[in-house]
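Side chains are part of it too, since the values below use all heavy atoms of this structure and drop only hydrogens, waters and symmetry mates. We name chains A, B, ... by the order of the sequence lines, and we start the count at 1 in each one.
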Number of protein chains: 2
Amino acid sequence: MHIHPLRAHIEEVLPLTDQEFDFILSHFTPLSKRKHQYLVQEGELVDKEHWVIKGCLKAYFFDQNGKEYIVQFAMENWWITDYEAFNNQVRASFSVDCIENCELLAIDYASREKLSSEMHKMERFWAKKTKLAFIASQKRILSLCRNTAKERYEMLLNQYPQLVQRVPKKMLASYLGVSRETLSRL
Amino acid sequence: MHIHPLRAHIEEVLPLTDQEFDFILSHFTPLSKRKHQYLVQEGELVDKEHWVIKGCLKAYFFDQNGKEYIVQFAMENWWITDYEAFNNQVRASFSVDCIENCELLAIDYASREKLSSEMHKMERFWAKKTKLAFIASQKRILSLCRNTAKERYEMLLNQYPQLVQRVPKKMLASYLGVSRETLSRL
DNA sequence: TTATACATGTGAGATAGATCACACTTTGGC
DNA sequence: GCCAAAGTGTGATCTATCTCACATGTATAA
């Protein structure tokens, strides 16, 4: 008998009973998207946060010169949306696109709020996830200040080898904050 | 009759009864520190998170060349500690020092856990704060990639004019990820 | 009050990385 | 199976920022 991947994911943080997990799962909607389709579009309201069952995505925007900035990638077991827009229920400043065909579980804002307030465990789970995301992003800041382009690329390669396989170099460059030419010259 | 500043701070997110606030406050310990004293020392265990009543602090570390990197500042109404070390109860990779004489409220890990689990409102409050911190740090990442040193300095000046008044330029430079010479030339 | 550390300004030169330009290759839609 | 679009490599500049060096100003602690 196999365990649901979302359950496995949540149980990395805290244990659940079958009933609890069924209750949690009932708040999510499965969703399939093809490569190049979007989940969030800059300027629109963002009502959903997504958990990745399968596939690869990016959160990004273009500046006034058409240069792309990648805020976040997501692969299996990652969460993605425009968090500022989602949490404050305002218009998105980023878009979220599929880099590969994706299988997702989506939860809308009201369901997330309901689930958080009815079930302290989920509040704790999401709080834990947000803490980890915050710590990771502090590390990314330090890395931008401390390390050269090459070092940052090598660190990414060490930490997320599959990401480097699956994503065009050009996008890795945008994520790392270097030009694609510099990344190409490694 | 005046409201306690911590209560005012929490009530920016959600309302509290007198009893609830007294219960919350009983988990904190008041603390005074003088300029140059530390709250967290790199390499030590971190058992406390601090809320600033009065004063100004920095979380930072030095790299192998003796160059300082400032991870975070804190002033009145801000929270500060080494979050990775505090949350995972491991040794600090940053130090936290007072830039001015400080009045603080400290909460230790066990009390925070206890308060979070016994009082859903506080779990929600801290979850909200962490979300905001995460969003702010995503913005800092983008700003490092997108903006020039000058633009970043001007943004800091706009967003935290008092910080720029109270903190030596050298430290602002470390925080912004530029050399003090470049910042001086603006 | 004096001295010593800290903070700040500014010049000159070095450099990581950006930008522009072009060639070549791979991919996916029709 | 073909063609446009996207991805990638590499050369030749250019430039923001770093580094080193030194001068000066300003706290703070004995």
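In this structure, B:Phe62 places its CZ atom where more than 12 heavy-atom neighbours from other residues, nucleotides or ligands lie under 6.0 Å away. For NZ of A:Lys121, the number of neighbouring non-hydrogen atoms (other residues, nucleotides, ligands) closer than 6.0 Å is greater than 12. Annotation for B:Lys114: atom NZ counts as buried by contact number, over 12 foreign heavy atoms lying within 6.0 Å. The number of heavy-atom neighbours closer than 6.0 Å to CH2 of A:Trp79, taken from other residues, nucleotides and ligands shown, is above 12.
The nearest whole Å value for the distance from the CG atom in A:Leu172 to the P atom in D:dT8 is 8 Å. Going from atom NZ of A:Lys67 over to atom P of C:dA18 covers 6 Å, rounded to whole Å. Atom OH of A:Tyr153 and atom C1' of C:dG17 are 17 Å apart (whole Å). One interatomic measurement links the two molecules: CG of A:Asn65 to P of C:dA18, which rounds to 14 Å at whole-angstrom precision. If you measure from atom CG of B:Leu186 to atom P of D:dA16, you get 15 Å, rounded to the nearest angstrom. When rounded to the nearest whole Å, the span between CZ of B:Arg146 and C1' of C:dA18 equals 17 Å. Summarising the geometry, the separation between CD on A:Glu100 and P on D:dG7 is reported as 13 Å, rounded to the nearest angstrom. As rounded to whole Å, 17 Å separates atom C1' of C:dT10 from atom NZ of B:Lys170.
Between the base of D:dT19 and the side chain of B:Arg185 there is a donor-acceptor pair shorter than 3.5 Å.
Mapped onto DNA chain D by nearest heavy atom, B:His36 and B:Arg180 fall at different nucleotides, with B:Arg180 at the one closer to the 5' end. Nearest-nucleotide positions on DNA chain D for B:Lys35 and B:Leu183 put B:Leu183 closer to the 5' end.
Contact annotation: B:Thr182 does not reach the phosphate of D:dT17 (side-chain N/O to OP1 or OP2, under 4.0 Å).
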